Each structure stands twice: as structure tokens, then as C-alpha cells.
Amino acid sequence: MKGKMKLFSFMLLALAFVLVLSACGDDSEGSTDDDGNWTGTITIWDGPRWAEEGDTSGEDGKGNQYFWLQGKIKEFEDAHPGVKIELVQVPWAEMPDKLGVNIAGQSWPDIAPVDISGSAVSIDHIEQGVIEPLDDFFTEEEKSDFYENALDAYTFDGKMYGIPNSLTVHSMLLNLDLFEEAGVEPPANGEWTWDEFVDAAEKLTFDRDGDGTIDVYGFSTYILPGYYEAWPFFYINGGQPLSDDLSEFTFDSPEAIEAIQQLADLKLVNEAAPVSMGGADVGGTYQAWANEEQRTVAMEPWATWAITSAQGSEVNFMVANYPTGSKGDPVTIGGVGGWTMFKQESDAKKEVVAEFMKSISSTDEQYLMSKSYGIFPARISAAEMDPFADNPEMARAQEMSSQVVMLPRHPEWKKIDEIIQRELQLVFNGEKTAEEAMATAKPEVEALLGE
């Protein structure tokens, strides 16, 4: 018995020793020398952006869509001996959930991107205390180089949380080869009414090979928390998700209900959209429009990154407004992409993290990103370099900036959005009417508004 007790005591001591060594070996915050120079590892997450021209590597043939950031990481590491930057590749659609899980486990990255489709930095993250303010790293002169609406999207309670690096609008992209195949005229100057849009969608839905089965559909999109390609359709009659003062849920107004239902009915009644419309398959939706071997959807709404992507794939397309409803004027939703710094324990490390963030958000980098990734720069100095001088499709999309409405900036927006998008999916699946779905969402959302 005594022998067993001694063995047990020895095992406990060994375990304690291992735990102490593990704690001592934790280099998550790196080290700082006597001169204040920090060395260690910085972790950055990012989603796929664009590949080098002609690069068709990888199983999907899209090439390495992380090469730009990998190049910037190497440049920074070469200039900062002892600093290592680890890139974690995260598909955009998985970013919100992955961040949520890691925040809950207090294992967040040092730097993470704000998806341009999401409109602005998360107030929820700010109020959780997991995002660092960056005011100490920017002079007022430096801040003045950002467009006011871009900086506003990263400002809360007077503090700057993150660095905006890109602006976008959502627009309609029309596959002109399918318009020609169906004998349909695209809208003049990319402007049309809802009725004209529905008429085109129905005519663009056809049996290509004569086997009695529809092969091509006029329209499709997807519904997913954090993504808003479909949402400008819901605004065309004057509806909006929340009241201007953010105190009431208003997507149950007659104007909003009508707009939501009529878009869902494009699939459910008009049968001018595939069964997959309203699902969560972002990549599959895009490929149905852009892939030369598929070409099964003629019209889809996308953020402006898709314009550059389509140009790289040599898709014959045009950029159009969202159709107008009873409101009379076209409307779209804008987004502001950028970078946020997550909570740091070391001030010395914070300075190096901020320095790297600034290096990938400079005027030159925003100009390059505008030309290559299909976004508008958040810096005025980058826009003045005229990145779209030879790109009429992007220039056309930029004209839509005057139509932009921003999503509500409520601290609970992420949860509100999840409730609304969940109910929208049920509408597009035909399981609920728009009225039923928004009636379900209303008390859940208003409970959050009252918190």
C-alpha cells in the first residue's frame, strides 16, 4: 500500500512539474529585450482573396488566394528579426462562427479581418472587451486619409477599433452570354423596375437541351448570417430591419413583407430560380453564374470582389442596379472591410502587431487590393491613384455608392442578424410566409433591443 502511495505521489509531482514547464514555456506573448524590442509569434487569420494572374494551382484551379498576405508577412519578418507571423487560412463563410468559438475559449488570434460583407467592426466584440482600440497608433492626420464613412464603421464611443482597408457595394451581375442564348435584352444602362426584372428572370429560365427539364434559371442568391447580397431587394419598397433609432423591429412592416415575399416567390411561384436559392452554398451559387461549364444562372447579386473575379475568369457580364420598387430609387447595401486587433496582454507586442496591420493597410496596398480584389479603397490617397481608370465594370459599381444604406449598428446585431436570416431561410424554403417568419422573429429581436 505504501508503495502505491509513493508511486501516486511521484506521479502527482511529475504532473505538477510538467504543468510548470508548460506554463514557463508558454511563449504566446513573446519576449521583450532591455531596449524594448519585442520578439515572438503573431497570429493572423484571413480568408481567400485573389490569386496571381495565371495561377491555376490547387484542386479547385483557383490558385493560391493567400499569396498577397504571405508576401507581406515575409517582408515584415525579414525587416523584424525574431518576429514570426503565423497565417491561419479560414474560409469567409466560416469566419464568424470560428471567431465566436475561439472568443468563448479565450484563444482568439492577434489579428482578424472584418469581412467586407459584414458592413463594420462588431460592436458585440468591442463590448466583450476582446478588441483593442488603435487610436494610439494613428495621428489625426493619418485618420483624415480615411473616408469618413469608412472610419465611422470602425469607430465606437469615440474610439477607433481596427483599420478599414476596403469599401464595397452590392450590385447585380448579369451573364450576357445567357441573355444572348435566351434572346433577352439586358436592362438599358443597368437600370430597371421590379416588374422588368421579373420578366427578364422568367425569360431567362429555359430548357437548354430540350429534354423537358429546366437547365438555366434567371436568378439565384443565398441566405446566410453575415451576408447581405439579397437584402437590397428587401429595401426596395421602403422597408428596413430596425427603426432609425434602433428601438423597434421593422422587418414586419407591409413594405418589407411584400419585398421579402416577392423575392422568395421568384422561386416558389414564378419558378425562375433553382431549388438551391436561399440556401447557404456561397461557392456553388457563384459557380452556377460564373463557371463556363455550368452557366446555369443568368443573374446574381454580389459584392464588388466578384467583379474582379469574373474578369479574371473572362465571364461576359455587365453590372446593373438592383431593380427599383415602390420607393422609386435603386438601393444597395455597403460594407467596410478591414482588420481588427484582438486583446493583447503585452504593450510591446501590441506595438508590433499594430505596425504590421498598418503595413498591410497602406495607400499602396489598398490601391493594389482595389485593382486585384475588386473593392474600393478606404483611403482617399489610394482612390486618388485612380485604380479603376481601365476598368469600366468597377467604375460602374462605384457609381452606386450614392445608393448605399448601411446595416444597423446595434450592439446585438450579430444575434439579431442570425434570427432574421434563420427566418428568411424558412421563407425561401417555402416553409413559412414572409409574414409568418417576421412575426416569429419580432419578439426575439425586440427582446435583444430591450437589453
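None of the values given here were measured: they were computed from a predicted structure. FYI, side chains are in, hydrogens and waters are out, and symmetry mates aren't considered; it's all heavy atoms of this structure.
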pair [X]-[Y]: side-chain heavy atoms closer than 4.5 Å:
X      : Y      : answer
Asp46  : Gln70  : no
Leu174 : Glu300 : no
Ile44  : Asp110 : no

Could you tell me the separation between the [atom1] atom of [X] and the [atom2] atom of [Y], rounded to the nearest 0.5 Å?
X      : Y      : atom1 : atom2 : value
Arg295 : Asn291 : CZ    : CG    : 10.0 Å
Gln128 : Asp124 : CD    : CG    : 4.5 Å
Lys442 : Thr250 : NZ    : OG1   : 8.0 Å
Ser362 : Arg379 : OG    : CZ    : 7.0 Å
Thr296 : Gln287 : OG1   : CD    : 10.0 Å
Ser247 : His410 : OG    : NE2   : 9.0 Å

Side chains of [X] and [Y]: is there a donor and an acceptor less than 3.5 Å apart?
X      : Y      : result
Asp244 : Gln240 : yes
Thr440 : Lys432 : yes
Asn165 : Ser361 : no
Asp115 : Tyr227 : yes
Ser243 : Asp245 : yes

How close do [X] and [Y] get, counting heavy atoms only, and between which atoms?
X      : Y      : answer
Gln398 : Ser401 : O-OG, 2.8 Å
Phe428 : Gly278 : CB-CA, 3.9 Å
Pro164 : Gln366 : O-NE2, 3.2 Å
Ala382 : Pro377 : CB-CB, 3.5 Å
Val336 : Val114 : O-CG1, 3.9 Å
Pro408 : Leu242 : CB-CD1, 3.7 Å

Could you tell me whether [X] atom [atom1] has more than 12 heavy atoms of other residues or ligands within 6.0 Å of it?
X      : atom1 : result
Glu271 : CD    : no
Glu148 : CD    : no
Lys143 : NZ    : yes

If only atom types and distance count, is the side chain of [X] paired as donor or acceptor with the main-chain N or O of [Y] below 3.5 Å?
X      : Y      : result
Thr43  : Pro109 : no
Asn237 : Lys327 : no
Lys62  : Trp50  : no
Asn429 : Gln425 : yes
Trp92  : Pro48  : yes
Asn270 : Ala272 : no
Arg422 : Pro225 : no
Gln261 : Ala434 : yes
Glu446 : Phe249 : yes
Asn391 : Met394 : yes

Q. Please, which pairs that meet ring pair (Phe, Tyr, Trp, His ring centres under 6.0 Å) have at least one residue in residues 276-310, sequence neighbours excluded?
A.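 Of all non-adjacent pairs touching residues 276-310, those that pass ring pair (Phe, Tyr, Trp, His ring centres under 6.0 Å) are Tyr222-Trp302, Tyr286-Trp302, Tyr286-Trp305, Trp289-Phe317, Trp302-Trp305.
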Q. Taking only residues at least two apart or on different chains, which pairs with a member in residues 376-406 satisfy ring pair (Phe, Tyr, Trp, His ring centres under 6.0 Å)?
A.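 Qualifying pairs: Phe376-Phe388.
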Q: Under the side-chain contact (heavy atoms from CB on, under 4.5 Å) rule, what do Val331 and Tyr322 come out as? Steps first, then yes or no, please.
A: CA-CA 7 Å; Val331 64; Tyr322 283 81; 5.8 Å; no
Q: Show your reasoning for whether side-chain contact (heavy atoms from CB on, under 4.5 Å) applies to Leu204 and Met299.
A: CA-CA 9 Å; Leu204 288 160; Met299 304 181 290; 4.0 Å; yes
Q.
Looking at Lys414 and Asp417, is there a salt bridge between them, counting it only when a charged N and a carboxylate O are closer than 4.0 Å?
A.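 Lys414 and Asp417: not salt-bridged.
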Q) Of Asp329, Asn321, Thr332, which meets side chain to side chain donor-acceptor pair (under 3.5 Å) against Gln403? A)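 For Gln403, the side chain to side chain donor-acceptor pair (under 3.5 Å) test succeeds with only one of Asp329, Asn321, Thr332, which is Asn321.
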Q.
Determine whether Trp231 and Phe251 satisfy the following criterion, ring pair (Phe, Tyr, Trp, His ring centres under 6.0 Å), listing intermediate values before the conclusion.
A. CA-CA 11 Å; Trp231 281 45; Phe251 246 8; 5.3 Å; yes
Q: May I have the step-by-step check of side-chain contact (heavy atoms from CB on, under 4.5 Å) for Leu448 and Ile419, ending in yes or no?
A: CA-CA 11 Å; Leu448 294 169; Ile419 293 167; 3.7 Å; yes
Q | Stepwise side chain to side chain donor-acceptor pair (under 3.5 Å) test for Glu132 and Gln344 | A | CA-CA 7 Å; Glu132 295 279 1; Gln344 302 292 318; over 6 Å; no
Q. How would you list all residue pairs meeting side chain to side chain donor-acceptor pair (under 3.5 Å) that involve residues 169-178, not counting sequence neighbours?
A.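 For residues 169-178, and leaving out neighbouring residues, the side chain to side chain donor-acceptor pair (under 3.5 Å) pairs sorted by first residue read Asp177-Asn316.
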(Q) Is the terminal nitrogen or CZ of Lys343 (NZ for Lys, CZ for Arg) located under 6.0 angstrom from the six-membered ring centre of Trp108 and within 45° of that ring's axis? (A)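 Ring-cation test returns no.
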Q.
Please verify the inter-ring angle class for Trp192 with Phe197; under 30° counts as parallel, over 60° as perpendicular, anything in between as tilted.
A.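 Ring orientation, 0 to 90° scale: perpendicular.
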(Q) Between Phe233 and Phe219, is the ring centroid distance below 6.0 Å? (A)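 Yes: the rings meet the under 6.0 Å criterion.
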**Q.** Centroid separation Tyr161 to Tyr154 less than 6.0 Å
**A.**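 No, too far apart.
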Q: Check the pair Glu142, Lys358 against side-chain contact (heavy atoms from CB on, under 4.5 Å), reporting the backbone distance first and the verdict last.
A: CA-CA 11 Å; Glu142 287 177 314; Lys358 292 181 75 171; 3.1 Å; yes
